[in-house]
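The block underneath contains the structure these notes are about, expressed in structure tokens.
Only a predicted model underlies this, so the values are computations on that prediction, with no experimental measurement involved. Reminder, nothing fancy here: chain letters follow the sequence lines and each chain counts from 1. Just the heavy atoms: all of them, side chains too, but no hydrogens, waters or symmetry mates, feed the values below.
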Amino acid sequence: MIPFIYFMMLAGMVFAAGIAGAASSRNFLVLMLMVEVAITASTIAAIAIYYFSMNFDIFLVLIAIWAVISAELMAIIVFYRHMERLGISLDITKLSREGEK
Amino acid sequence: MYLAILAIAAAAEAVSAMLMLRFRDMLHVIMAFSVFLIFNSAISLMLQQPLLAILQLFIMVGGVATFAFVGTASAGISKFSSSNMAAFAAIAVIISALMFYPFSMIGAQSGGMQNVFSAQSALPYMQSDVSMFYVITAILFGIGFGSIIVMGRGARK
């Protein structure tokens with residue numbers, strides 16, 4: 001049986017990759033997808049906790065996690081469409097420069 | 001056997017996350033993200049949750065497909081500047097070290113022979129606040145739909 005801590009370390013690694021990707025990304029869309037990667041880590045952690053405890057309702061936790069992901073996805077699409085209509089560049093470096101103007 | 005599968009899934013997730021930053025067009029980025037999600041579902045299968053694995057795949061890939069359609073329809077599959085891989089590696093290592101340090105300390109205090117970070121210790125905190133998950137879910141969906149309505153009005157003006 002694989003130790004519980006391995007799954008938690010995997011979740012931690014995925015979370016770290018997501019946050020690092022969001023921090024180093026130069027494109028708005030990739031940045032948002034990396035945030036999704038970071039959120040996915042919580043799913044791994046929740047399922048691992050359920051598997052090793054078998055003592056609480058995993059669906060409630062997962063519904064909450066998926067609600068976060070869904071809300072974020074909807075917000076991404078809305079912001080993306082809004083930026084497209086305003087003609088704002090999706091390049092993060094250019095976005096930073098626009099903030100300086 | 002299971003450990004090898006977990007190692008392969010972890011490596012595949014790390015590589016696909018890196019490829020998401022490496023690729024310069026939306027199509028390949030989405031493909032890398034889908035690979036990431038498939039291996040994430042494989043981990044769910046390993047933890048004997050086949051229903052959750054497929055549900056997760058449907059929900060996430062469905063959402064990503066919608067995102068991809070909107071993205072490509074409004075901007076096309078454009079080439080954009082690739083991400084800073086050195087920064088990615090440095091930040092990932094720092095965050096991983098910060099996250100794993102508490103685990104290693106807990107293991108060292110108990111002799112490192114067992115999983116002292118047991119799931120049981122997390123249970124009391126989660127069980128007492130189950131009703132809060134319903135509230136959080138409702139609020140987040142409300143924020144999601146509310147942002148669509150508000151931003152839609154803003155865009156029309």
Side-chain angles (χ1 to χ4, degrees), chain A residues 2-10 12-21 23-27 29-30 33-34 36-37 40 43-44 47-53 55-58 60-64 66-71 73-82 84-85 90-91 93, chain B residues 2-3 6 10 13-14 17 20-21 26 29 33 36-37 40 43-44 47-49 52 56 59-60 63 66-67 70-71 74-75 80-85 87-88 91-92 95-96 99-100 103 107 115 117-120 122-123 126-127 130 133 136-137 140-141 143-145 147-148 151 154-155:
Chain A
I2 303 171
F4 173 70
I5 199 162
Y6 284 16
F7 289 99
M8 294 308 287
M9 286 175 78
L10 174 65
M13 184 205 77
V14 170
F15 180 77
I19 295 297
S24 62
S25 172
R26 286 179 185 154
N27 184 276
L29 299 174
V30 179
L33 282 176
M34 294 312 286
E36 297 261 338
V37 168
T40 308
T43 312
I44 298 172
I47 295 173
I49 289 171
Y50 172 74
Y51 179 75
F52 283 89
S53 67
N55 203 17
F56 74 100
D57 193 357
I58 185 70
L60 286 173
V61 182
L62 282 180
I63 284 170
W66 289 338
V68 173
I69 296 172
S70 308
L73 205 66
M74 283 189 275
I76 289 171
I77 293 170
V78 168
F79 284 127
Y80 181 80
R81 293 289 297 160
H82 191 59
E84 278 292 319
R85 282 180 189 173
L90 297 176
D91 193 321
T93 49
Chain B
Y2 280 111
L3 195 60
L6 181 69
E13 287 200 343
M20 281 173 69
L21 294 170
M26 190 42 65
V29 170
F33 189 52
F36 174 87
L37 292 175
N40 205 41
I43 292 166
S44 298
L47 293 168
Q48 296 171 6
Q49 295 293 326
L52 289 179
Q56 178 177 270
I59 290 171
M60 294 292 283
T66 311
F67 183 36
V70 173
S74 52
F80 45 77
S81 53
S82 60
S83 303
N84 188 347
M85 293 305 287
F88 170 75
I91 297 167
I95 294 174
S96 298
M99 291 185 75
F100 297 154
F103 287 121
N115 296 321
F117 188 76
S118 144
Q120 297 295 331
L123 272 177
M126 300 186 83
Q127 277 179 331
V130 163
F133 285 121
I136 292 166
T137 305
L140 285 169
F141 273 114
I143 290 169
F145 286 112
S147 67
I148 287 176
M151 295 295 283

Note: A:Leu33 and B:Met20 closest approach over all heavy atoms is CB-CE, 3.6 Å

Who pairs with B:Ala17 by side chain to side chain contact (heavy atoms under 4.5 Å, CB included), at least two apart in sequence or on another chain? A:Ala17, A:Met34

Is it the backbone or the side chain of A:Val37 that comes under 4.5 Å from a heavy atom of chain B, or both, or neither? both

To the nearest 0.5 Å, atom CG of B:Leu3 lies from atom OH of A:Tyr6 at 6.0 Å

Chain A heavy atoms under 4.5 Å from B:Leu6: which part of the residue, side chain, backbone, both or neither? side chain

Nearest 0.5 Å, please: how far is CD1 in A:Ile19 from CD1 in B:Ile91? 10.0 Å

With side chains defined as the heavy atoms from C-beta onward, is the minimum distance between A:Leu10 and B:Glu13 less than 4.5 Å? yes

With chain B, which of A:Ala16, A:Ala23, A:Gly18 has the greatest number of heavy-atom pairs at distances under 4.5 Å? A:Ala16

What part of B:Phe88 lies closer than 4.5 angstrom to a heavy atom of chain A: side chain, backbone, both or neither? both

To the nearest 0.5 Å, what is the distance between CG (B:Leu37) and OG1 (A:Thr43)? 9.5 Å

B:Leu21 side, atom CG; A:Ser24 side, atom OG - distance, nearest 0.5 Å: 5.0 Å

